Structures are given as structure tokens and as C-alpha cells.
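Everything on this sheet refers to the single structure shown next.
Keep in mind that what you see is a predicted model, and the values were worked out from it rather than measured.
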There are 6 protein chains.
Amino acid sequence: MAQYDLPLEQLRQYLPERKEEPDFDDFWRETISESLGRFEPPVFEEVDSGLKLLKTYDVTFSGYMGQKIKAWFIVPKDLKDELPCVVEFVGYGGGRGFPHDWLLYVCANFVHLVMDTRSQGSSWLKGDTPDYEPSHGPQYPGFMTRGILDPRTYYYRRVFTDAVMAVQSVAFLPGVDAKRIAVAGTSQGGGIALATAALAQGVKGLICDVPFLCHFERAVKLVDSMPYAEISSYCKVHPEQTETVFKTLSYFDGVNFAVRAKCPALFSVALMDDICPPSTIFAAYNYYAGPKRIEVYPFAGHEGGGSYHTRLKIQFLQEIFSLREV
Amino acid sequence: MAQYDLPLEQLRQYLPERKEEPDFDDFWRETISESLGRFEPPVFEEVDSGLKLLKTYDVTFSGYMGQKIKAWFIVPKDLKDELPCVVEFVGYGGGRGFPHDWLLYVCANFVHLVMDTRSQGSSWLKGDTPDYEPSHGPQYPGFMTRGILDPRTYYYRRVFTDAVMAVQSVAFLPGVDAKRIAVAGTSQGGGIALATAALAQGVKGLICDVPFLCHFERAVKLVDSMPYAEISSYCKVHPEQTETVFKTLSYFDGVNFAVRAKCPALFSVALMDDICPPSTIFAAYNYYAGPKRIEVYPFAGHEGGGSYHTRLKIQFLQEIFSLREV
Amino acid sequence: MAQYDLPLEQLRQYLPERKEEPDFDDFWRETISESLGRFEPPVFEEVDSGLKLLKTYDVTFSGYMGQKIKAWFIVPKDLKDELPCVVEFVGYGGGRGFPHDWLLYVCANFVHLVMDTRSQGSSWLKGDTPDYEPSHGPQYPGFMTRGILDPRTYYYRRVFTDAVMAVQSVAFLPGVDAKRIAVAGTSQGGGIALATAALAQGVKGLICDVPFLCHFERAVKLVDSMPYAEISSYCKVHPEQTETVFKTLSYFDGVNFAVRAKCPALFSVALMDDICPPSTIFAAYNYYAGPKRIEVYPFAGHEGGGSYHTRLKIQFLQEIFSLREV
Amino acid sequence: MAQYDLPLEQLRQYLPERKEEPDFDDFWRETISESLGRFEPPVFEEVDSGLKLLKTYDVTFSGYMGQKIKAWFIVPKDLKDELPCVVEFVGYGGGRGFPHDWLLYVCANFVHLVMDTRSQGSSWLKGDTPDYEPSHGPQYPGFMTRGILDPRTYYYRRVFTDAVMAVQSVAFLPGVDAKRIAVAGTSQGGGIALATAALAQGVKGLICDVPFLCHFERAVKLVDSMPYAEISSYCKVHPEQTETVFKTLSYFDGVNFAVRAKCPALFSVALMDDICPPSTIFAAYNYYAGPKRIEVYPFAGHEGGGSYHTRLKIQFLQEIFSLREV
Amino acid sequence: MAQYDLPLEQLRQYLPERKEEPDFDDFWRETISESLGRFEPPVFEEVDSGLKLLKTYDVTFSGYMGQKIKAWFIVPKDLKDELPCVVEFVGYGGGRGFPHDWLLYVCANFVHLVMDTRSQGSSWLKGDTPDYEPSHGPQYPGFMTRGILDPRTYYYRRVFTDAVMAVQSVAFLPGVDAKRIAVAGTSQGGGIALATAALAQGVKGLICDVPFLCHFERAVKLVDSMPYAEISSYCKVHPEQTETVFKTLSYFDGVNFAVRAKCPALFSVALMDDICPPSTIFAAYNYYAGPKRIEVYPFAGHEGGGSYHTRLKIQFLQEIFSLREV
Amino acid sequence: MAQYDLPLEQLRQYLPERKEEPDFDDFWRETISESLGRFEPPVFEEVDSGLKLLKTYDVTFSGYMGQKIKAWFIVPKDLKDELPCVVEFVGYGGGRGFPHDWLLYVCANFVHLVMDTRSQGSSWLKGDTPDYEPSHGPQYPGFMTRGILDPRTYYYRRVFTDAVMAVQSVAFLPGVDAKRIAVAGTSQGGGIALATAALAQGVKGLICDVPFLCHFERAVKLVDSMPYAEISSYCKVHPEQTETVFKTLSYFDGVNFAVRAKCPALFSVALMDDICPPSTIFAAYNYYAGPKRIEVYPFAGHEGGGSYHTRLKIQFLQEIFSLREV
């Protein structure tokens, strides 16, 4: 079935029961503060990308527990004033790639940091950052079940903390107006951005395209596509761990970050998306606590609104940073 | 089989018999001169794309028989001197999309024209240009067999002429150094660029990624993927037209343009490409008459070298336009 | 899911809201009358098909705007009296093929006209008729989105008018009892037949097997199979045109023809049909304004009742033309 | 790979080693004579098919060991003289269907017998004849391995004998010119026809479209599609029986019948056929001992030449029965 | 959709209308008593399987109408006392395989009989038993529609009777405690075991994993996977037989055996099983008349709980045979 | 193509060029000796598996660098004498599962150790052992590219060392005749067993079924199935690392272990195996330096000879341990 999930009118009302452990906030407060305690300012070095209109920097910042995470930082060549900054996170399996993979926001006159996702970056865009932690138990191939039996060992604890630290780090980079920072991402990147909007201080805008990592319990029942199916495959082989798995995931569920985020947000959802089901995205969107807007693409799959939606993202950033009259 | 075509060492030597009608050059000379006779300078209008580092123009130029073809023209905002120009053609099913879909070359300080492909632009990037001609007979869904029973009515006669006229038109656009024009494209875009390099005056460089439209006779025997399979499907239903079909195609075969092109060229090929088989690309490359280089991606499919290869394209342009020491 | 659409009991009641523009009837009245104004009697020529029990004629009739459309006309060899006539339309991608592709109705002692579908006839049965109009804008490969931004330029405006003119033309062919004309078709052919039953004068019966082109809005949400997915693919790339697209389609929707047709009709539907979803067919059937019957095949896909259903079609024709006691 | 088998020039020369047991001829002589010993003239009864130009008869003839096999017999309504007769066999999984499924040859003024294939007739065209024998051991789902451990119990021993008996029986049907009998079939039907041309007395022509049941040893190595894969699946589970299996199959291999048949033959082959590989068909064709012709469809799959090829079959019959000047 | 059937809470309540012919019990009473009338004690012979901890016997017992059915009988080498016995049936397409395929129950100190399924045993585990009956009409490839037009000729009448006779036979084998016999099976084996629990005297336990052959009418509407789709394919080709087919199947439907079985039962079901839909299994389970338990695997397909579930089966047997404290 | 690799006669001769770094032996000598330096005797504990004929032990032994690796150790309940021991390794994605997953060898009167594969055990059989090392760089989902840029960090360095240490450990377990140890495995397990036969002291037999991890360079060109395609996917994204990747893999290639192993070996290969191509297996087999035998399954895929082959493995063990007359 092409539009296989709930009808749009039901999606717009969809507010499933949220499951959240009592120590959710404590868990994240301790996690973040522990890594902040190891914070060091980012190191950066200009690289020659051949993109003569821009300056591109290879950045190394301190992520989870001070571990070294790579990023690209890209600014207009003739940077004079401080500019609003977009901190971007990458989709599942990809890494930071090359500077020329990230030209949109800088051409729109923002400065732009693209965070490498640890251990990924080998399925499409290349990455340069290892995961510094061991696997903490058996896992299904991929990243979704690495360390999944405990929120403290779960892979995304490190990734989300890296993302918060990335926001923390940009203030130290040249040309960044630290009062105007937005986070952005598509699919996994959207899930990371949503978590970051809730966890990091001072995020002023959220761009969240067809986000992954939302409402896991429904997602795994609804689709058998990767990467959500990494979780169901794991549970199939370890049925006795099912409850533990979903308890861990509740600490990383976009639905639980949505109720905590406050900045203006632009979401997108595609009604034929069989990777990130529409209802899981609406679950997060409907719970989202800040000013919000969602663009619905009725005939798209996980590619979402594509370059049509790109225009709306630029306009959104211009609006929230008062660069444009609405 | 992952690498299903000939082994690389044989690919590098592969020079299949070329089939070319005696009036090949006459056909194209008359085709081009007829359209040149209807040439009018392009009309262009600046559009607000939100990309503040750039200026973007909506261009309408006179293509085949003077028909109006759309394009984007993109230049650095603070354009002072004339810059080398890249004229780019789009892959099958796509159109010119939006200006923000084309940021690479301008960020590398080239000016850039992206030609819309008539009647396409509805499978991925959107297009804005109709095909002004009727279908001239039954056809398989798509563009490969539109008017295929006569080279004069064949769809690509119009497209290739549009492309030659695009090169002719850029000299009239602001900031173009008409002595430094390169053509570029991927897949169908690569096939169009190759033909244009042979047919248009004054092309100084060719970027030809995983080109389509080369060595049709082998392609249709080797793969059953679209769009080459549009041709075999047509021949299945019209077996009595097979000879006519391939005679028409010989006027549009990249192998026959390759022996006529003289400018420096950078090709790419992927050994697991089941859309554009490696041997059909090497057939064109091995016959190519100008200075040339080919980058081989042994483990890629039709996506080719991706953003890894992007760097080589920027370097190639810098070299041929003496913007870089080799 | 094998029977993926609504349960049969709900299908039998299914009457979705119809969307119809106020000028629907004007649009078609003007369209038909304009082409009738250019009507010329059909030209026909006997051909040697080797089928010695029959006479077969290659027919050229004047279709939309007088454009020349091909057809086969087939009659028993020893034709004495005027016989009832079946005018048949072909499924998507097919053309009129060869005379020997159409032996059923003549063996049952009807005369039979098979209309070529302009520009199709290259996916399965061969065709011989071009589309004489240009593409009027970009399109997805196929015929579903050719000229779709305006009902006046839409491809099926021409096809449906061709079909009405075919009915108009048969009266001029030898042996046709012009008072006993039925229209028939399967899939796209069923959709054309349904429209023709509503638009043409004097149609006395309708055979409508697993019809395509009905209730587009539901179809594109329910299935992602071709050819309905040509429409959703187009809307994915041109989301800003979605409303325009469905407004155009409303002029061509079998549901809107169903309420206008009055002749006896035999429909068929297959409950596992994932090309033409059962609910879209029942939508047309339930709205159908004339005497009607529908045969339900619970276990078939788009192949429908196959040769089992053939018997019912012959019986239906015998009944409506009083050739058989019921 | 689209044309995945040998290149056409090699196919035309392809003469693999034939494997044949010394008692091949004895086996078949005894098989046929035993069933002939139980021969009884066919019983037939006119049925009302609604096809008023024809007479259609429900036939029951005595097949293997006198077992009752169903068939349709179809003749022109105003049959005066004796006419040449086409005895046709059906493709895998199909049965005799309905009389209206078989209109071609009678419209071309031949009389036509269509034999039901025992126990099949439930995958596409319906059948009406059981297999009267038990399974003689375990089998893979389908008919290819029923009784395969001994040529005497093998399913096709019964089917081929039925076919020979069908030819024997037609002489008893009204209007048959017993001196002008041809056998015909597509896929499995082609394999049965080829065997029958070799085994039955007095067959004067053979139409053999994309025949199945030829050169089993190569077929099972080359394709993993059904129904050849029934054999390889069986051998996978019973590896110790592999030699026995192929010994049995050698008694039923079209290659071994080809060297024994003498009548004029028209073959067809499709170079993209992944059900019946081209080389297995050329193996039979190249060994064929009578006057012969083969039509090659380079771009077709197992559907072969479709209705384009139909014309050639009518012409072939007219030629061999001197109904047409060549 | 991953969990495509009803939600678990609805599955637990699912009690569809049962359809049962009035002579259901008579049919089975006569069937069983007729075969019991031909009962002879099993013949068995020790075979050297290389499994030195065990003794393995090749058994031939009298099944349906006294026909000879093969089985393996496996016991601990140093068998002293009589042990409880597990009689096991095999999944669709498989046969009894080799003794080393059946080590679980004997290692857990049960004696174990594995029944060969007549005519199967060529898709995965090898079999050694023919079906002694002819096909009784045309059939779809496989076993589901063999003789399906009459319950007396239906294939599973023979298989279920074989199974009842297997239980009858084990009392004659060495070391069997005839008062402690359980039946077990997975998929088809589960369906056979369920029928046997209802039909055979003295069965004391039932292990029924992801059973096939339950609630046919829903199954064929819900899934198009084999082997249920053999039935829908048959009905597609023989639509006039649909009612007859489902009437026959009602005599073999697990739902109708469930209401008749009385022994303790352990079921399993997998919520992503697209071979045996969860609702068809719950239909049988919810109707089951004896003490019962069902283990639900939310993330598994037809493989069910795999070796995780194996532990529960051993525990269940220990409980019902009082070998373990609960 | 069903048998898509080289013909069998060529496979039997296939000896591709081996690529081996000069420090291959040093690398492994140091690797093993470093871990041996941290060796501690295994810890084991009896567990109640319900398998009353056996005793089953949960074993923890010291693997790579002394890291704790889990295993099952299974012996006959009434173990009197020391028995030959089979050390088994598991296929890709699986772990040690449950004791009841491993009943074959113990029923044949061997003692049996099954090693858990670190970090795997979540795709089919469950595992219980983490990988104690971090990822050392980005990786494709799975285990094939974890740490692949350096043989010292590569995942399989740890796994192969674990396997050698498992052999070292069994001597400390009850009932093991340390002079009669064989290693065994299927697919990945076969690759590990082959490496272990070469690297561990005192291995007396090798059972190597359809081994994975052999002749990587050909495998990745020939098949695009997982898990070999993890490597090609990685190289697609990191083309500049291709040489480094294959240099690393040369230290882990079964071909290079084959020339170093000396014990008797039983291989199996399936000619339709598209996971582990036949030529890669024959490459290892043909280079194998000890007494050897290979069983060829012409019609099987990666499932190989299944339970048919099981008999040959028992016989092989009986022969090499002189338990059977040959």
C-alpha cells in the first residue's frame, strides 16, 4: 500500500502514550555534565577544498567524554560579521563526507558545522571518526543495537552527547554568532537534531526532516525496513531482552525530546515513507513543545520533499533569525 | 554477479566495431545549422533564491529550431572578471530543478549554466520545458523511443541540438569568458555533454561521468534495466523495426561522437554499474580523440565515484583552465 | 496482504465523495463537438491476414480534431446481414496489434472494431498511431502525465475523443448495425469504454473489465504500481501542482462518467488487483447510472476473470442485443 | 544480464554431446504400442460455446494405457471438405481452458484439437483431466519430478503418450484430413509437440515455440527459474539420485527426439528467455533432422515472438499443406 | 507492514465464525475406522546412523488404508524403562530426512517417532514415502489442491489418517510408554499434530508451533505466500469451484479440530509471520478446548521462536509427563 | 544464472595468484604468543538444559589478549573415557545459541565445544560475548570492516585468536582427549576453522563447509550479497583505502591459511552458492596442504549439502580418529 500508515487527518491528531523512565532528565543531565567536564575548545585547520568562494575548516572537537570528533566548518570567504550558524547532523550510515557535500547553508550566508557521526561514514558519505567504546555485548550488524541493554552503554548516548558538544563547540569557531545557532538534519540527522534541541543550551531553531529515532515501539511493528529492523531483528534473537531494549530506547526517543524542546521548529514528513513511518514522525511533531510547522509530502518516500523543501528550510532560517520579512 | 561486464584489463582495450552512416556528419551539420539559423540571444532574469553569496538567473534560450528552453545561470555575487563557464546537462528523468541544486561549480568560482531537458524533469529534479514536437509514432513509456524510426524525428536530435545551442548562448550571459567553456554531465547528462563536445564550437573541456547513450547495441544485450531497456522493449514489440531503430541510434551514439571530439576530457566509470555498462563507457572512452583520463570505481554502481570524484572534477577544470599547477 | 483493499461487503457500499468541476459537461460538449466538426468518414482497406473465415480491414478514422487514428475492423467472411458491433479499446501500453489478436467477438458473430491508442502500442501489442500533439510541459515517462496541468492539453482528452469518434465512425463500415453498438475494454480499455459510454451517442452496452482511470485520488494513495504511480511520481517532483493535477484528472475520472452513462453494463473486479484497486472500481460501479452487473473475482489480480469471464461477456452481449433468451 | 546465454553466432553452432540410453527406442516403442493396444476411438459431443462461426466439441480420447484424456475440437461451422488439422499442446500449468481460448487456427481454416495436460490446468488455463497414476515416491511441488526415479513411472511418459494418442485419435474426428496433421505448442507444449513429431506416425509439420523439456543438464545449471528448477531442487535434496534423475530425463529430452523427427519444423527462440534458455532450444534445433527454420527474437523473454510470430505460424502451415505459394 | 495482522489484544480475543459440515465427525469416524480395519503392527529395523548414544530404527507402519508409511524411531542407547514418546510431523515440503535431523527429544530422554509425509520430502528434508493415490483431477503444483474437490479424495485426508495411525503404531515399538504420548510439529507439522490430537485416541500432549492448515478462508485473503496461495491460485483458475474447495477444506481446518481436542497444548505464534498469519493461529488457539498456553513472538516471522522456544517445549513435556516440578 | 561461477572442471584446477605480505607468519606468531601470554585455564559450570542424556557446561575461556569468551561444552552424561573433541565455530551473525542447538557431535560420541563469536549472536543464534575493542574508525554495518585499515585492529584478528585459544582451552575440560581435536564450522565458521587449523597447535582434523573468508579479491567482484558486500560497500565509500583494505584482508584470507594447514580436511562446496562463491572455496581447497577431500553439491546454494552432508562429517571424524574402518 502506497500510503500505508494512518490517514493524514488521524496523523495530525496522533498522540500515542509516551513512555519515559522517571530518571530520564537525571540520566541526560549527568551524561551531558560529565562530558562538559571534559570539554576542550575545538581545534580547526583550514583545508584547500578548491571552493574559492568559501573557507573550509577541518574541525576536531571534544565530544562524549572528551573523545575527539571530526567536523567540517564552512564559511563565506569574505566573512566580515558574525553570522548565524547551522549545526548539521548526518543520516544513518553516512559521515561528514567532503566540504563540497555541504554548500547549501553557506551559500545562503550562514556559517555551517557538519558533525561526523562516530563509527558511521562507510555506507554513503565517508566518515573519519571511530567509536571509541567497545560493543558491550552482541549486536545486530549496524549501530542501532550497539550496547542496547543499558542506556549508559547505548551507542546513541555517545552520539547525542557528541551533538550537544558540537553546539557547545561552535561558539569557539570564527564568525559564529553564538546567539543564533540552529540545529538541522534529515532522517537520523533529524533525530539527533531533535535530541540536541532539547538537550543543548541556546539552540534557537530546529530543522527536522523525516526524522528517524522517534516512537520506536510503533516503528518496529509497522516497518521491516532497515535500520529500524535492526531492533526487531535483535529482539527476535533475544526475546527475553525485549523489555530491556525498549526501556533503553525510551531514553533516546524523539517523542521524549519533543516535549522538552522549546525553539521554533520546521518538520517534514512523507506519507509514503517506509523507512521512518509518518505516524512516528507525527508522534514527535504533535508532542513538540515549541512553535512549530510541518510540511507534508503525500507522494514521497523517505527522500521527503527533496530540493523543493530546501527552499522552505532557507526561508525558515531567515525568519527565525529575522533575516527576512514574513 | 557484482562486476558482471568484461574484466578491467579487457575493458581498457575494448574497441568494438563502430557503426556509422555515411551521412552522419551531414546530418548533424544540417541539423545544427538549421537551428543556428533561428538563434536568438538568451533572455535572462535574476531570481531571489535566498542564496546570498550568489546571483541566480532564470534563462530562456533558443534551442532546437529556436524553441524556448529553460536553464539556470548561476554566478558569484561579486562577479568582477569574466570566469570560465561550465555548461551542465542533467541525468535521465530530471530537469533543471532549483538553483540551490547546483552549487558546486559556482562555489569553485566558475559560472554555471544548467540546461533543462525538454519534457523530462518529472522523475526526480523538476523541469520546466516541454517537448514542442509530437511523438511521431508509438513509443515505449519514456524518452528513448520517441520518434525513433527516423533520426530526424528522434527525441535526442532535439536534445543534443538544445545542448549545442546552450553552449552558443552562454557567450551572451554576463561574466562568461567565452574562450573557456566546458561541458559536463552525469549519465544522460554525460552522453549529452559528449555529443556537445563533438558538435559545438569552442568547447574546451568535457566532464563525462558514467555516460549513458553510448554503444547502444551492446548495452541493450547486456542489461535489462531502464532506460536502455526502453529500446529493447520497443524492439520486442516491433521486431521488424530493429534494424531501423539501431540505424537511428547510430546518429546519437557516444562512440561516434567520441571520435570527433578534441577537447581534454575526464571520464568516470563504475564497474558494478548495471544502468550504463562499463564496456559501453570504455567503448566511448577508448575511441575518444582528445586528451583524456578515466577514473575507474571498481565497487560502485551507477552512482559512480560520488562526492569522492567531485574533487577530481574541480581539479580537472582548474587544470584545463590553467587555474592550478598540475 | 493478498486482499489488501476494503472487505467485499464494504466495497459493495463504497460511494466516495465525487469531485467534479462545474464545467465538466461544457468541457466535454465543446471537446466532442469541435472534433465532430472535423469528422470525415473512415477509410478502410481489406488486408490478407490469413484468417480465411474472416474479413479484416485496416481502418483509418478521424479522431480528436480530425487526426488520423488506426483501427482494425473484423467481420465474418460471409457477412450477409448487419450485425451488432463491439468497439474495443486496448489496455495501457498496447496498440491494436494484429487482426489475429482479436478473434473472440467475430467468432461470436459480432463485427468488431479495435481502436489503436495513440502513441502507445510499444509495451505489448504493437500500435501504429502517433500522438499528434506535443508534450505541453515536462512529464513522467508514460502517458498518464502528458499535458496534465490543463484538461485541455491532457493526453486522455485526445484518447477519449478518439474513442467517441470511433463509435461515430463504425456506422460507415460494412455490416454494422448502428443501432446495436457496444463498447468494451479491459483496464485502460475499460476506462476508455466507460468514458465513451457516457460521451458517445447511441452506445447500447458497456463491457468494463477491471477498469483503470477511476477514482484517481484513492488509487494513488493505495497502490504504488504503474501506471497510477506515474501520477504520484509526478506529484512528488511537482508538489506545488498537486491540486492542479487532480483537478485535471477529475475531468477524466470514471466515477464522473459513471453517473452519466445509461446503457446496460457488465463490470468485473478482482480483489487482489494491485494495479487497479477494487475500491476504485467499485466507486465507479456503485455510481454507475444504468442497468448493471459486476462479477467479483476474489482470488485474481489484475488479470481478472481471464477466459472464465469471457463467457459472461459473450452472454451479456447476446442478452442486450436480444440474441439469447435469458 | 539481458542476453545471458551464449552469443547468437555460437548458439547457431551449438551441438552439445547428446546422452541417450541404448534402449531409448525400445522404451518408446513398447510404451506406445502398449497404449495403442488399449486404443478406443474418441468420444465427442458438441458444446454451445456461443461462438456462432464455429462448432466446438468436447472430446474424450484414450491416452496412456487407455486412460481418458479431455480435449477440445474446433472446426468452422460450415465445414464441407476435410481440412488439415493442428494438434496443440499447452504450456506448463495450463489445461485446455475453454473453446474460446483457441480461435487462431480455426479462423485460419484449419481444424484444431487442443489436448488437456493431465493433472495440470490449475495455474492459468483450467484443465479437466486427472493424472491416473500415483506419485511413485516423493516429489518437489509440480510435475517435473513426479515419478522421476524411473522412466517408466515418470510423469512425462504418460503425457507424451497421451499426445501420440491424440494424433492417433484425430483421424476419427469429423472433417480431419488425416494426411495433413501438424503438431504445435509453446514452451511445455513445444516440448510435447517435438516429442510427438518424433514418436507419432504421420505428423506432417511441427510448430515449436520456445520449447521446454530440452537439454535438461544445461538448463538446470543455467537458470534457477521454475519449472526447470523443480529438477535442481529435487537433486539438491536427493543428491544421491542425481545420476538416476538425469538418466530418466534423457528419455524425455527434446534433443533426443530432434534427431528422430523428420517433418518440416518451425522453431522460435527468444534470446532473453530465462525460463527456457536459448542454448537448450538451439541444442534441439541444431540436431533437428527434418527441414527446419528458426525465428530468433533477440529482445524477448519467454513470451517469445508473441502475436508477431503468429503470422509466421499461419504462413508455415499454409506452406507445408500447399495452401499458399511460397 | 511488519506486524500486518490484527493487533495482539484483538488477536487474543479473535473467535471467527467456524464453518463445519454436519457430517464432520462421521466423515472422520469412518475415515479412521476404515484404515484401522487395515492396521498391521509396524515393522522396524535398526540402522547404523553413527550416533553412538542412540538407537535409530527405520520404521514402516500402516497408514491410510494400510498403505506403508516410513518413519524414524529414535531411542537412547541404554533404554531400560518405558519412556514417554513424542510423535512428530514435518513442515511442508519436507520428509523424515535422516535420524541425525531429530536429536532434540531423545537427548531430553523421550523416545521419538518422526513420520514421513507422503509424497513430500523433496523441498528440504528428504522423504521416502510416495502418495499411493492418483491426483483425482487437475491441481496447482504442490499438495494443497490435490484431490481438493471432495474431502474423500483430498490429500490431507490421507496425511491426517497416516498421523493417527502413527500414534496407533508407536505402542508396538520398544520402550514406548503408551500412556504418555505427545504429538508435535511446526507449521504443516503443527497442523497435522493439532488434527491428530483431536482424532487419535490417547494423545496426552500437543506441541503446535506456528501451525499451518488453520482458518483457511482468512489465510488465503490475508497472504499471497505459498503454500496457502496454492489454494487461492487454484480458485483463481477454477472460480466456479470456490465454494466446493472451502467446503472440502472445512473438514481439515485446525479450527474445527481445536474444539475437539482435549489434551494440554503449547502453541507458538509469530506476529510477523507472513506464511501462517497470526490471526489464523489464534483462531485455532482461542477455540482450543483443552488446557493451553501460547507463546507470542512479536518480532519473528515464520521461523517463530527458534531455539529459544525449544526450551519451553522440553519444559512443557516434562510438566505434562510429571518429570518436573512446575 | 544458477551455476554462475566457473565450470566444475575449471574449479578443480583453480589456483589463483596468492597475495601474502612478507610478515604474515610474524604477524600471527606475535598475535598468538601475546594472547597465549595471558592465557588462563577455562572456567566452566554445569547448566541444566533438560537434555538428560548429556552434560552441558557454560564455559568462559581466555581469548584474544585474555578477554573472556563464552562457549558451550557438551559431553555424554555417562562419560567414562576421554573422547575426541570437536571445536566448532559459528556462521556469520550467529552466537553460541543454546546447548540444544548443538546435539550432533555429542550424539556421535564426541565431546564438543562451541565457541561464541564476539559481538555477533544477534542475527540468528543468540550470543553472549562482547567485542572488547572499539571500532578503530568508521565501518560499514556488520563485522567485516571493523578496524579494517590495519591488520592489528581488524576484527577477525581477535576472532581467529579467540579460536586458537579455544583449542588451547579444551585440554583443560573434562573428558577431552587432547590428542584428538578437530575443528569444524560452516561458512564463517568454516573460515575460522581453516585459520585455526593453520594457527593452532595440535589440530588433527578440519571440517570446512562452504567456507567464508577465502580469496576476498575475487569474492567481492563476483557477488554483491552480504557479508562480502560489506567490503565492497566500504571500498565504494573509501576508494582511496582499497589497497589498504585488501592488504589487511590478506592476513585473514583462507587461501593463505590453506597452504599452512597440515591436518586431514573435509571441505564442501555448493555450485549455486551466491554467498560464498565456489571459486573462492576451491581456491582455498586447491591450495590446502594436508590430506583433503571435497564434496561438491551442484544444485545447492549456501545451505550446502545440508543433513545429507552431515553423515559424511561423522564418517570423516570416525576415520581420522580411527573409530571406523574405512
> Does NZ belonging to Lys70(F) count more than 12 external heavy atoms closer than 6.0 Å?
Replying inline: yes
> For the candidates Glu230(A), Lys126(A), Lys236(A), which exhibits the highest count of non-hydrogen atom pairs separated by less than 4.5 Å from chain F?
Replying inline: Lys126(A)
> For chain A, which residues of residues 239-253 of chain F have at least one non-hydrogen atom nearer than 4.5 Å to it?
Replying inline: Glu240(F)
> Among Arg146(F), Met144(F), Met226(F), His136(F), which has the most heavy-atom pairs under 4.5 Å with chain A?
Replying inline: Arg146(F)
>> How close do Val237(A) and Leu125(F) get, counting heavy atoms only, and between which atoms?
In response: CG1-C, 3.7 Å
> Based on non-hydrogen pairs under 4.5 Å, which of Gly93(F), Gly142(F), Ser119(F) is most in contact with chain A?
Replying inline: Ser119(F)
> Contact part of Phe143(F) toward chain A, heavy-atom cut-off under 4.5 Å: side chain, backbone, both or neither?
Replying inline: side chain
> Considering heavy atoms only, which positions within residues 151-165 of chain A lie below 4.5 Å of chain F?
Replying inline: none
> Checking heavy atoms, do the side chain of Gln139(F), its backbone, both or neither come under 4.5 Å from chain A?
Replying inline: both
> Is it the side chain or the backbone of Thr129(A) that comes within 4.5 Å of chain F heavy atoms, both, or neither?
Replying inline: backbone
> Only one of Pro134(A), Pro138(A), Ser135(A) forms a side chain to side chain contact (heavy atoms under 4.5 Å, CB included) with Asp131(F), so which one is it?
Replying inline: Ser135(A)
> Side chain, backbone, both or neither: which part of Arg118(F) has a heavy atom under 4.5 Å from chain A?
Replying inline: neither
>> Which atoms of Asp128(F) are under 4.5 Å from chain A, going by heavy atoms: the side chain, the backbone, both sets, or neither?
In response: backbone
>> With a 6.0 Å cut-off (strictly less than), is the heavy-atom count around NZ of Lys68(A), excluding the residue itself, greater than 12?
In response: yes
> Picking from Gly137(A), Gly127(A), Gly94(A), which has the most non-hydrogen pairs under 4.5 angstrom with chain F?
Replying inline: Gly137(A)
> Counting heavy-atom pairs under 4.5 Å to chain F, which of Ser122(A), Pro130(A), Pro141(A) comes out on top?
Replying inline: Ser122(A)
> Among Ser123(A), Gly95(A), Ser233(A), which residue forms the greatest number of heavy-atom pairs with chain F at distances under 4.5 Å?
Replying inline: Ser123(A)
